[in-house]
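Here the structure is laid out as structure tokens; the discussion comes afterwards.
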There are 2 protein chains.
Amino acid sequence: MYKKIPKNTIHRLPLYLSVLEQLAEESQNQEEFFHSVDLEKLLNIKNSVIRKDLSYFGEFGVKGKGYNIVSLKTALKEILDINVIKKTVIIGCGNIGTAIIKYPYFTKINLEIVAGFDVDPKIIKQKINQTPVYHIDRLVDFLNKEKIQFVILAVPVHASKFILQDLITKTDIHGIINFTPISLKVPKHIKVINSYISAKILEMYFYLKNTNA
Amino acid sequence: MYKKIPKNTIHRLPLYLSVLEQLAEESQNQEEFFHSVDLEKLLNIKNSVIRKDLSYFGEFGVKGKGYNIVSLKTALKEILDINVIKKTVIIGCGNIGTAIIKYPYFTKINLEIVAGFDVDPKIIKQKINQTPVYHIDRLVDFLNKEKIQFVILAVPVHASKFILQDLITKTDIHGIINFTPISLKVPKHIKVINSYISAKILEMYFYLKNTNA
DNA sequence: TTGAGTTTGTGAATATGATCACAAGTTCAA
DNA sequence: TTGAACTTGTGATCATATTCACAAACTCAA
Ligand SMILES: NC(=O)c1ccc[n+]([C@@H]2O[C@H](COP(=O)([O-])OP(=O)(O)OC[C@H]3O[C@@H](n4cnc5c(N)ncnc54)[C@H](O)[C@@H]3O)[C@@H](O)[C@H]2O)c1
Ligand SMILES: NC(=O)c1ccc[n+]([C@@H]2O[C@H](COP(=O)([O-])OP(=O)(O)OC[C@H]3O[C@@H](n4cnc5c(N)ncnc54)[C@H](O)[C@@H]3O)[C@@H](O)[C@H]2O)c1
């Protein structure tokens, strides 16, 4: 448990890890070092920001030498708690939900998608990549029995209110990754992380309008 | 062209619009008003932040009365440049790419996905929801001929370097919405907006580890 | 073993963003 | 027509994040 980590620092940690994994793959030598300036070039994040971000969690570098790729990667995995296997479920196995179930990288971050939930009989009972899909009615029981800590929500907007109510009142989940384009009202012990794809596109519109001819 | 809008303000504008669209649908009356405090309740964003965000672009409210739903919605659409039809293409029509092509909401923000590109012969020439999919070899010509301003990149990492190089050196695009989990090095006239889904999950890990038992 | 050359880690300074708090404009009931 | 009740828009203030700049610690070549 750390004290007062800036939000933006948390956003950046996964980026650091992503680059380190690439570097680790590319490098032959376990003992290879790199500098915060190298990372700056790869990520477009100032080296001083990178060093300060890391400093919230400890001292991982060697002065005059830099950071060991492998050991910083290991440290970041520890910070992000990747070493503990996490179970989750996908609520709504449509386009987005299915894409997530099929994404193989998640096993690398120790994420197990143990089930999907839907209402469409054509989808239910058809396993998607080994993952069984159950009727939404079984969601609450499943989450409680399996002690799932967070869920991934990818249902249409009209279905989300009803499901959210169940999640809040009948289960003990602590997190929701939300792909629906609405803001979820939740009690404060539940962390919502939004992945609002349309917003990214609108952001692009804004930048295109305001940065060039 | 506005001066110095905070990044977070830009992130929030699409959220405001999203709520306004919901409110507009629900309300009978064209003349209905609402307050920044109402928005605060719906979005969990402080009313003072909302008012300040809007103030960067003009005065849209009426003191003592609030904001007219329809006219603020119209103003936001103008700010985000939604009224002008935008064309884009999906590079990589796999799980994510296909999900995006099939998503019907994008027409509401005047986004036309005019083509997809891939290398898989099983995917090429099979239209996905009216959208034709071409071979990646035709990408550069297509972008130049159709004067596409931004693209959506959803290919595997190994393919992205090669494609990025083409985009930078042979086309005149100004934006990339990037679903690959790597950071794209681009010249500064190109705006990259990342939608790094795995990062969201790692953020969740971090919060779960550091906020509760 | 030395010392010039590196690069980290971090307080201090700066910049940016959020919040506060209130004047100013508007509404509306009497 | 008046004035109490609202709610906006925004400077001033406060909080948070980034950048600067340098001492400290290490490297490595000679
Ligand atoms: N596809 C995209 O690119 C995209 C982009 C931005 C946002 N979104 C949002 O993500 C969400 C999912 O999008 P999608 O494209 O995958 O939609 P989709 O229609 O393909 O999938 C939704 C799935 O949810 C299921 N469902 C409906 N009601 C349900 C219920 N009560 N319980 C459980 N499952 C139920 C449907 O059967 C369907 O399989 C939507 O809220 C959408 O607005 C999607
Ligand atoms: N699916 C997810 O949930 C998810 C999550 C996070 C990140 N991503 C990232 O998004 C990207 C796409 O993921 P996906 O799950 O859709 O993968 P996918 O494998 O389903 O789709 C990738 C598509 O790109 C095509 N392709 C390969 N090489 C190409 C080339 N040179 N030119 C054009 N097309 C080419 C493939 O034929 C395939 O259709 C990947 O970079 C992945 O890491 C996906």
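Note on naming: letters A, B, ... go to the chains in the order of the sequence lines (proteins, then strands), and numbering restarts at 1 for each one. FYI, side chains are in, hydrogens and waters are out, and symmetry mates aren't considered; it's all heavy atoms of this structure.
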May I have the distance from [X] (atom [atom1]) to [N] (atom [atom2]), rounded to whole angstrom?
| X | N | atom1 | atom2 | result |
| --- | --- | --- | --- | --- |
| A:I10 | D:dT18 | CD1 | P | 12 Å |
| B:Y56 | D:dG11 | OH | P | 11 Å |
| B:F57 | D:dT8 | CZ | C1' | 17 Å |
| B:K52 | D:dT7 | NZ | C1' | 16 Å |
| B:I50 | D:dT10 | CD1 | C1' | 16 Å |
| B:N47 | D:dC6 | CG | C1' | 13 Å |

Practice task
Could you list by number each residue of residues 59-67 of chain B showing a heavy-atom separation from DNA chain D of less than 4.0 Å, or answer none if no residue does?
Solution key: B:E59, B:F60, B:G61, B:V62, B:K63, B:G64, B:K65, B:G66, B:Y67
Problem - Distance in Å, B:S198 OG paired with B:Y196 OH, rounded so as to fall on 0.5 Å steps - result: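 These two atoms lie 5.0 Å from each other.
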Problem - Earlier contact from the 5' end, DNA chain D, for B:S48 and A:D53 - result: B:S48
Exercise for the section: Verify the contact: side-chain N or O of A:R51 to OP1 or OP2 of D:dA21, cut-off strictly under 4.0 Å; return yes or no. Expected result: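 Answer no for this pair, as no side-chain N or O of A:R51 is under 4.0 Å from OP1 or OP2.
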Practice task
Please check the phosphate of D:dT8 (OP1 and OP2 only) for any side-chain N or O of B:S36 closer than 4.0 Å.
Solution key: yes
Backbone N/O of [Y] and side chain of [X]: donor-acceptor pair under 3.5 Å:
| X | Y | value |
| --- | --- | --- |
| B:H174 | B:D172 | yes |
| A:D38 | A:F34 | no |
| B:T9 | B:I5 | no |

Practice task
Could you label the plane-to-plane angle of the B:Y103 and B:F106 rings as parallel, tilted or perpendicular, counting under 30° as parallel and over 60° as perpendicular?
Solution key: perpendicular
Exercise for the section: Using heavy atoms to find the nearest nucleotide of DNA chain C for A:S55 and B:V49 separately, return the residue whose nucleotide is more 5′. Expected result: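 The answer here is A:S55.
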Problem - Enclosure of A:K185 NZ (heavy-atom neighbours >12, cutoff 6.0 Å) - result: yes
Problem - Nucleotide interval of DNA chain C bounded by contacts with chain B (heavy-atom cut-off, under 4.0 Å) - result: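 Under 4.0 Å from chain B, the extent on DNA chain C is C:dG17 to C:dT27.
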Sidechain N-carboxylate O distance under 4.0 Å for [X], [Y]:
| X | Y | result |
| --- | --- | --- |
| A:K108 | A:E25 | yes |
| B:R12 | B:E40 | no |
| A:D141 | A:K145 | no |

Problem - Given A:N194, A:I163, A:I90, the one that forms side-chain contact (heavy atoms from CB on, under 4.5 Å) with A:L153 - result: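 Exactly one option meets the side-chain contact (heavy atoms from CB on, under 4.5 Å) with A:L153, and it is A:I163.
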Fill in the blank from the handout: Per the under-4.0 Å heavy-atom filter, residues of residues 14-24 of chain B near DNA chain C come out as none
Handout entry: Listed nucleotide nearest any side-chain atom of B:H35, set D:dG9, D:dC20, D:dT7
Key =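 For B:H35, the side-chain atoms sit closest to D:dT7.
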Practice task
May I ask you to check whether A:F150 and B:Y207 place their ring centers less than 6.0 Å from one another?
Solution key: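 No; B:Y207 has its ring centre 6.0 Å or more from that of A:F150.
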